[in-house]
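What you see is a predicted model, and the numbers here were worked out from it, not measured in a lab. The sequence lines fix the lettering, A, B, ..., with proteins before strands; numbering per chain opens at 1.
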Amino acid sequence: MTEEKVQSNFIRTIIAKDLESEKHDGKVTTRFPPEPNGYLHIGHAKSICLNFGLANENEKGTCNLRFDDTNPEKENIEYINAIKSDVEWLGFNWEDREFYSSDYFEKLYNFATQLIKNGKAYVCSLNADDMREYRGTLTKPGKPSPDRDKSIEDNIELFESMRAGEFEEGTHTLRAKIDMSSSNMNLRDPAIYRIKKVHHHRTGDKWCIYPMYDFTHCLSDSIENITHSICTLEFEDHRPLYDWFLDELKTECHPQQIEFARLNLEYTVMSKRKLMKLVEKNLVEGWNDPRMPTISGMRRRGYSPASIRNFCERIGVGKKESRIEFGMLEEKVREDLNENAKRVSCILKPLKVIIENLPEDEVIELSTQNHPQKPEMGERIVPFSRELYIERDDFMIDPPKKFFRLGPGKEVRLRFAFFLKCIDYKTDENGEVTELRCTYDPETLGGKAPDGRKVKGTIHWVSAKHALTARVNLYGMLFSDINPEESGDFLENLNPESIEVLDDCKIEPSIKDAEKETTYQFERQGYFCIDSNDDANGLIFNRTVSLRDTWAKIKKG
RNA sequence: UGGGGCGUCGACAAGCGGUAAGUCACAAGGUUUUGAUCCUUGCAUUCAGAGGUUCGAAUCCUCUCGCCCCAGCCA
């Protein structure tokens with residue numbers, strides 16, 4: 001499909017200026033720096049598209065994949081692998097530039113030592129509670145730690161002891177010596193190393209002290225010669241600290257931190273912590289549940305990488321916090337799938353039709369296009385026989401005037417086949433329609449009647465004896481509230497009807513050997529994707545998104 | 001109430017002193033063997049508000065209002 005037209009945004013503007021002034025020799029080096037403590041979601045996709053996109057649209061642009069793995073308590077290898085596969089699936093390539101903050105631990109340690117030697121860092125033995133106490137509040141300045149003026153020699157020795165594992169967790173930290181009365185809380189002597197006697201997924205037991213984000217991030221960026229370090233708005237207050245470390249350590253490369261507004265989407269949550277809660281409490285099937293806003297969930301649901309990329313381009317990048325309408329996302333998937341998905345017939349809620357003027361054993365093989373506007377997508381054969389299934393919703397005993405489908409005595413066109421006229425119907429004891437008796441007109445193959453009579457409606461169908469039975473999962477919004485986290489516990493806003501399982505769907509036989517993750521358009525219904533978790537016996541489809549439904553709108557009034 | 005940000009159509013979003021792009025939504029028509037797609041048209045005399053500078057302001061200045069973020073040894 002055609003990629004979205006790029007639109008200007010403030011970061012593109014900054015880069016264009018830098019390019020013009022040759023600030024970085026024409027280079028644009030960005031990085032996508034996830035912490036491997038959960039799965040990636042659509043919010044990360046925005047960041048991925050931004051960082052890789054900016055690199056890709058510039059001649060000398062590259063984007064690194066860097067795992068920000070400085071907190072071994074929460075991080076693990078499962079997440080690393082999941083993240084890599086998600087980024088790759090989205091269509092981005094980091095080539096050999098797969099980095100880890102933990103690769104820089106030794107360098108970082110040396111930088112910290114340097115800071116101590118410059119009199120700009122000290123080992124503090126305040127415990128967590130006291131440190132908070134000393135820090136002051138938003139309106140009251142903090143007071144200096146009793147350890148603030150220890151000698152450089154003492155600090156060096158203490159820091160070495162920290163590394164050597166001579167202290168217990170929580171007893172000591174290394175702190176930057178900046179300004180305890182700064183109006184920016186981040187500058188009130190922030191901790192830069194803490195003791196954690198925890199096994200790290202990459203460095204093993206080599207370290208028992210781990211650097212904090214603020215210290216690690218700017219230096220990792222600098223080590224990798226990042227030109228533009230793009231992060232989200234909440235780090236705006238951290239920028240002075242980012243710059244402070246690099247200035248104090250006089251690094252050759254001093255990247256520019258630029259902050260943008262993270263993505264919020266209607267009817268969902270966008271925090272790893274909250275998504276993790278849904279997974280842990282088994283409120284969803286897992287990180288890749290098709291209702292989840294995770295990349296793996298959207299993938300399983302049938303969203304294409306291109307549709308996600310286009311969505312991210314379309315919503316733009318700015319500093320204004322916003323919440324995107326879900327329809328924006330849905331429209332981007334439809335746009336892509338309309339182009340690329342093969343059409344197929346599937347009856348979601350079957351109603352049996354007997355064609356009285358077609359002999360029991362006769363099978364008419366009809367050739368139909370896989371895509372109405374794209375003949376290059378080929379054709380397939382679909383069998384037509386005496387017993388069909390049509391959609392229950394396509395028949396009404398007492399249809400309103402504008403109902404173009406079937407009713408007693410009414411005639412419709414069967415898609416790609418013949419005209420069909422309903423002459424009778426049967427009901428059960430509850431008045432529920434159980435079967436339709438119809439006749440077909442053999443002269444109408446091709447969609448038109450020789451006598452010139454017209455039918456308004458065209459419905460889809462499937463030959464009963466040839467049909468495969470499939471299960472179809474219909475998904476709705478995961479939450480019933482536009483902003484689930486606004487009031488109280490977000491879990492209370494879960495939508496109890498976020499999934500509807502249809503067990504007896506009838507689908508045409510042509511999809512028999514289709515592979516997992518293939519997306520089809522079910523004619524007149526929507527886009528559906530073969531579940532990738534589908535184990536063995538049975539076809540399972542996930543509805544990616546429905547087709548636009550003008551009739552539903554009319555019906556609602 | 002200290003500091004840092006942000007306010008342009010219902011939802012996003014360009015614009016950066018020369019007289020309001022685009023997308024989604026919505027509405028009305030047309031084409032159509034998917035009530036789909038596609039096409040055409042309409043949809044901000046106005047840029048949070050009030051003053052000011054200017055021949056000219058969404059863009060510059062001043063004040064006011066509203067919203068978000070910051071007091072982890074998380075990132």
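At the heavy-atom level, A:Asn127 lies under 4.0 Å from base atoms of the strands shown. Here A:Leu547 lies in heavy-atom contact (under 4.0 Å) with a base. Residue contacts for A:Pro372: at a heavy-atom cut-off of 4.0 Å it reaches a base atom on one of the strands shown. Among the protein residues, A:Tyr193 comes within range of no part of the nucleic acid, since none of its heavy atoms lies under 4.0 Å from any strand. Counting non-hydrogen atoms under 4.0 angstrom, A:Met131 reaches a base of the nucleic acid. At a threshold of 4.0 angstrom between heavy atoms, the contacts of A:Gln521 include nucleobase atoms, whether or not backbone atoms are also involved.
Nucleotides B:A14 and B:C6 have their P atoms positioned 13 Å apart, rounded to a whole Å. Between the C1' atoms of B:C67 and B:G49, the separation comes to 15 Å (whole Å). B:U33 and B:A44 have their C1' atoms separated by 42 Å, with the value rounded to a whole Å. Taking atom P in both B:A57 and B:U46, one finds a spacing of 14 Å when rounded to whole Å. Distance noted for atom C1' between B:U62 and B:U54: 16 Å (whole Å). Across B:U23 and B:C9, the matching C1' atoms stand 13 Å from one another, rounded to whole Å. With both ends at atom P, the span from B:A48 to B:C55 equals 25 Å, rounded to whole Å. Across B:C38 and B:G52, the matching P atoms stand 50 Å from one another, rounded to whole Å.
Between B:C73 and A:Arg135, a contact under 4.0 Å exists linking OP1 or OP2 to a side-chain N or O. OP1 and OP2 of B:G2 both lie 4.0 Å or more from every side-chain N or O belonging to A:Thr137. OP1 and OP2 of B:C69 both lie 4.0 Å or more from every side-chain N or O belonging to A:Lys319. For B:G35, one of the phosphate oxygens OP1 or OP2 lies less than 4.0 angstrom from a side-chain nitrogen or oxygen of A:Arg524. Applying the 4.0 Å criterion to OP1 and OP2 of B:C74, one finds that A:Lys196 has a side-chain N or O inside that range. At B:G72, one or more side-chain N or O atoms of A:Arg132 fall inside 4.0 Å of OP1 or OP2 (strictly under the cut-off). Within the structure, every side-chain polar atom (N or O) of A:Thr13 is placed at least 4.0 Å from both OP1 and OP2 of B:C16. Close to B:A36, at under 4.0 Å from its OP1 or OP2, lies a side-chain N or O of A:Thr550. Between A:Lys454 and B:U33 there is no side-chain polar atom (N or O) within less than 4.0 angstrom of OP1 or OP2. Contact check, A:Arg194 against B:C74: a side-chain N or O comes under 4.0 Å of OP1 or OP2.
Checked by distance alone, A:Glu331 brings no side-chain donor or acceptor within 3.5 Å of a matching partner on the base of B:U23. A donor-acceptor contact under 3.5 Å is formed by the side chain of A:Glu325 with the base of B:G10. Scanning atom types as modelled, no donor and acceptor separated by under 3.5 angstrom connect the side chain of A:Arg548 and the base of B:U37. No N or O donor and acceptor, one from the side chain of A:Asn184 and one from the base of B:G4, sit under 3.5 Å apart.
Among B:C73, B:C12, B:U33, the nucleotide with an atom closest to any side-chain atom of A:Met328 is B:C12. For A:Phe404, whose side chain is taken as the heavy atoms from C-beta onward, the closest listed nucleotide among B:G35, B:G22, B:U1 is B:G35. In this structure, the nucleotide among B:A75, B:A25, B:U34 sitting nearest to the side chain of A:Thr458 is B:U34. Set against B:A71, B:U1, B:U34, the side chain of A:Arg415 has B:U34 as its closest nucleotide.
Remark on RNA chain B: of its neighbouring residues A:Ile315 and A:Lys402, the 5'-side contact belongs to A:Ile315, judged by nearest-heavy-atom nucleotide. Comparing A:Leu233 and A:Ala417 by the nucleotide of RNA chain B that holds the closest heavy atom to each, the one mapping nearer the 5' end is A:Leu233.
Salt bridge annotation for A:Asp394-A:Arg524: present, with a cationic side-chain nitrogen under 4.0 angstrom from a carboxylate oxygen. Under the 4.0 Å criterion applied to side-chain N and carboxylate O atoms, A:Glu391 and A:Arg405 are not assigned as salt-bridge partners. Between A:Lys421 and A:Asp441 there is no salt bridge, since no side-chain nitrogen of the basic residue lies less than 4.0 Å from a carboxylate oxygen of the acidic one.
A:Tyr267 has its ring centre no less than 6.0 Å from the ring centre of A:Phe326. Residues A:Phe404 and A:Trp551 keep their aromatic ring centres 6.0 Å or farther apart. Aromatic ring centroids of A:Tyr303 and A:Phe311 lie 6.0 Å or more apart.
Between A:Arg31 atom CZ and B:A75 atom C1' the separation is 12 Å, expressed in whole Å. What separates CG of A:Asp237 from C1' of B:C69 is a distance of 6 Å, to the nearest Å. For the pair A:Glu236 CD and B:A75 P, the computed distance is 20 Å after rounding to whole Å.
Of all nucleotides present, only B:C6 satisfies the Watson-Crick or G-U wobble test against B:G66, with each distance under 3.5 Å.
The CD1 atom of A:Ile11 lies 5.5 Å from the CD1 atom of A:Ile258; values are rounded to the nearest 0.5 Å.
Residue ring and base: A:Trp551 counts as stacked with B:G35 (centre distance below 5.5 Å, interplanar angle below 30°).
Side chain to side chain, A:Asp221 and A:Tyr242 meet the donor-acceptor criterion of an N or O pair below 3.5 Å.
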